[in-house]
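What follows is a single structure, written as structure tokens, with notes after it.
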Amino acid sequence: MRDLSAFQDAFERALDGDERGLAPWLAGGPADAEGLKVYRNTVAKGRLDALAANFPAAAAADPAGFAALALTHGRERPPARPSLMLYGEDFPDRLAAAGETALADLARLDRLWLEALFAADAPAASGGDFAALSPEDFAGTVAPPHPGVRFAWFGGDVVARWRRLRGAATAISSEDEAGGVLFVRIDGDIESLALDRAGFAFLDACRSGVPLGAAAEAALAAAPRADLQTVFARLITAGAFAALDRPPPAKGPRP
Amino acid sequence: MNHGPTAGLSLKPEHYADALARRADGLWFEVHPENYMSLGGPRLAWLEAVRREHPLSLHGVGMSLAADEPPDAGHLAALRRLVDRFEPFVVSEHLAWSTRRGAYHPDLLPFPRSRAALDRVADNVSRMQDALGRPVLIENPALYVALDGHDFDEVGFLTALHRRTGCGLLVDVNNVHVGAANLGYDPAAYLAALPAAAIGEIHLAGHALDAGGRLLIDSHDAPVAEPVWALLDDLLARIGPRPVLIERDDALPPFETLMVERERAAAALAAAAEAPVDA
């Protein structure tokens, strides 16, 4: 039966390289093969272009190696929906599985940048919000990272390499700061800020849901000589925290 | 002085700041809604800022109206949210399929224009229009393969779709030129047969010759070709002015280079506005 579904089944198989099923719908001649090749190439290029757009540092680091693995990924893990903004979630894992660990790390940084770009909007906590807390309330306050914030600790020179490939200039004041990265939204773009060991440990603890007092302890455990006040102030200025979910004011006198 | 949209440009993130600052009579912008279906983020904020200054059109590539299944409910809902937020003056889609059974093939795929296909596409267009609460424009895609099994030519199919669903037409003149060259029909006759009153928007784009040297590809990576400008002039002389868009997706030039092409389209529209419309 030459119905629309049967045609589309056959066309999908032709996109995968098997054109035999399409014969009932082809007008004939060598032009058919050429025309089908245009569709096949456009679909493959569309998936490759989407991965290259979503993982630009990895694509720039090794264009040929990236393209080969991206074409495979596109074929084996085609997009599930027409919005390609976040396509390729598991692509860094494919790079790693293929032994391309350096490319995989670059792709993981690209992915964090992308997630920061498309995550939900929310108000950020200001310095005044934290200053308004009493010392005991401060220690017990849970301050989750802003939904548009991503951060990671890589160590080594991965982050520096990623920054060069993305043309991102970031002031690094110590070697320790070179290992981490904080992606935040600034002026309509995503900036990659330096993040030292203490700052990473602090944010990581906040992300896990522990209150600020325990997060500070975690930061000091990771970097005993850290100046926590400076670390915390820089995170607030960067807009790293979502507006505070403060405990409701106690009703009546406390026991 | 025309206060409606005249000639517009497809908008890419590289050009947000230029688009926001630029002023030109009738200037408007078009984006693919699939690139804005995020929870939040700066691109939505940029688009909102551009929308405050210029008319906007949402031009979908992923509704897959010619798939033999209803449009994806989640995709429709996401589009509705964008339509409500940005209040575009036009919402458009393609006479093609791309998503089917949960897999998206990033292209505008062809199908035999049978009577059964017309039933399906008309039902899908109606579902889309019902979900959005407004009519949409349907665009002719570029074609590369001559299929058997058509009950309609493309103009006949689009005309029937317009009559059945009330949808308008988005005429991509470059696609007509490309399809005519690839499949061997007369582009002027194609354009002359379109129902004038249904046409709500016109697209122009550049094309390229396939590596094989036989097929033209709707590549969107080059300036609009002279034969396409000539087809535009003839179409506008027949139907009068309609919003015209210059599309560029690849090999993106500086914003002002695109504005030069945009000014040429605006001049063609101004000329068509002054001339009497052909009967």
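What you see is a predicted model, and the numbers here were worked out from it, not measured in a lab. All chains are named by letter (A, B, ...) in the order of the sequence lines, taking the proteins before the strands, and each is independently numbered beginning at 1.
With a 4.5 Å cut-off on non-hydrogen atoms, A:R47 touches chain B through its backbone and its side chain both. Contact of B:A17 with chain A is not made at all, since no heavy-atom distance falls under 4.5 Å. Using a 4.5 Å cut-off between heavy atoms, A:A80 contacts chain B through both its backbone and its side chain. Contacts of B:A146 with chain A are made by both backbone and side-chain atoms, with heavy-atom separations under 4.5 Å. Interface remark: B:I217 contributes side-chain atoms only to the contact with chain A (heavy atom separation under 4.5 Å). At a 4.5 Å heavy-atom cutoff, A:L86 makes no contact with chain B through either its backbone or its side chain. Proximity to chain A (any heavy atom under 4.5 Å) is restricted, for B:R120, to the side chain, taken from C-beta onward. Interface remark: A:I190 contributes side-chain atoms only to the contact with chain B (heavy atom separation under 4.5 Å). Of the two parts of B:S98, neither the backbone nor the side chain holds a non-hydrogen atom closer than 4.5 Å to a non-hydrogen atom of chain A. The contact between A:D189 and chain B is made entirely by backbone atoms, counting heavy-atom distances below 4.5 Å.
The OH atom of B:Y144 lies 13.0 Å from the CG atom of A:L36; values are rounded to the nearest 0.5 Å. One finds the CG atom of A:L117 at 7.5 Å from the OG atom of B:S38 (value rounded to the nearest 0.5 Å). Taking NE2 of B:H105 as the reference point, atom CZ of A:R40 lies at 13.0 Å (rounded to 0.5 Å). The line from OH of A:Y39 to CG of B:L108 is 8.5 Å long, rounded to the nearest 0.5 Å. Rounding to the nearest 0.5 Å places OH of B:Y36 at 11.5 Å from OG of A:S83. Here the CG-CZ distance, from B:D72 to A:R81, works out to 8.5 Å after rounding to the nearest 0.5 Å.
Evaluated for a side chain to side chain contact (heavy atoms under 4.5 Å, CB included) with A:E34, the options B:L215, B:N182, B:V145 yield exactly one hit, B:L215.
The candidate with the highest count of non-hydrogen atom pairs below 4.5 Å against chain B, out of A:A119, A:G148, A:A116, A:A44, is A:A119. Interface check for chain A: of the options B:S64, B:A49, B:P110, B:A45, the most heavy-atom pairs under 4.5 Å are formed by B:P110. Contact count versus chain B (heavy atoms, under 4.5 Å) is highest, among A:P79, A:A50, A:G46, for A:P79. Of all the listed residues (A:D49, A:V38, A:N41), the one sharing the greatest number of non-hydrogen pairs under 4.5 Å with chain B is A:V38. Taking B:H75, B:R101, B:E69, B:R43 one by one and counting their heavy-atom pairs under 4.5 Å with chain A, the maximum is reached by B:R43. Chosen from B:A78, B:A66, B:P33, B:A211, the residue pairing most often with chain A at heavy-atom distances under 4.5 Å is B:A66.
Under a 3.5 Å cut-off, the side chain of A:D121 and the backbone N or O of B:G41 do form a donor-acceptor pair. Looking only at distances, no side-chain donor or acceptor of B:R100 sits under 3.5 Å from a matching main-chain atom of A:E12. Looking at B:D148, its side chain never comes within 3.5 Å of a backbone N or O of A:W25 through a donor-acceptor pair. When atom types are taken as modelled, the side chain of B:E34 and the backbone of A:L84 share no donor-acceptor pair closer than 3.5 angstrom.
Residue B:R51 places its CZ atom among more than 12 non-hydrogen atoms of other residues, nucleotides or ligands, all under 6.0 Å distant. Counting non-hydrogen atoms of other residues, nucleotides and ligands closer than 6.0 Å to CD of B:E48 gives a total above 12.
Nearest heavy atom pair, residue B:P106 against residue A:V43, reads CG-O, 3.6 Å.
Contact of the A:F11 side chain with the B:W97 side chain is registered, since non-hydrogen atoms from C-beta on lie closer than 4.5 Å.
Here the two rings, on A:F7 and B:F111, have centers that are 6.0 Å apart or farther.
The residues A:K45 and B:D250 are annotated as salt-bridged, a charged nitrogen and a carboxylate oxygen being separated by less than 4.0 angstrom. A salt bridge does not link B:D210 to A:K37: none of the charged nitrogens lies less than 4.0 Å from a carboxylate oxygen.
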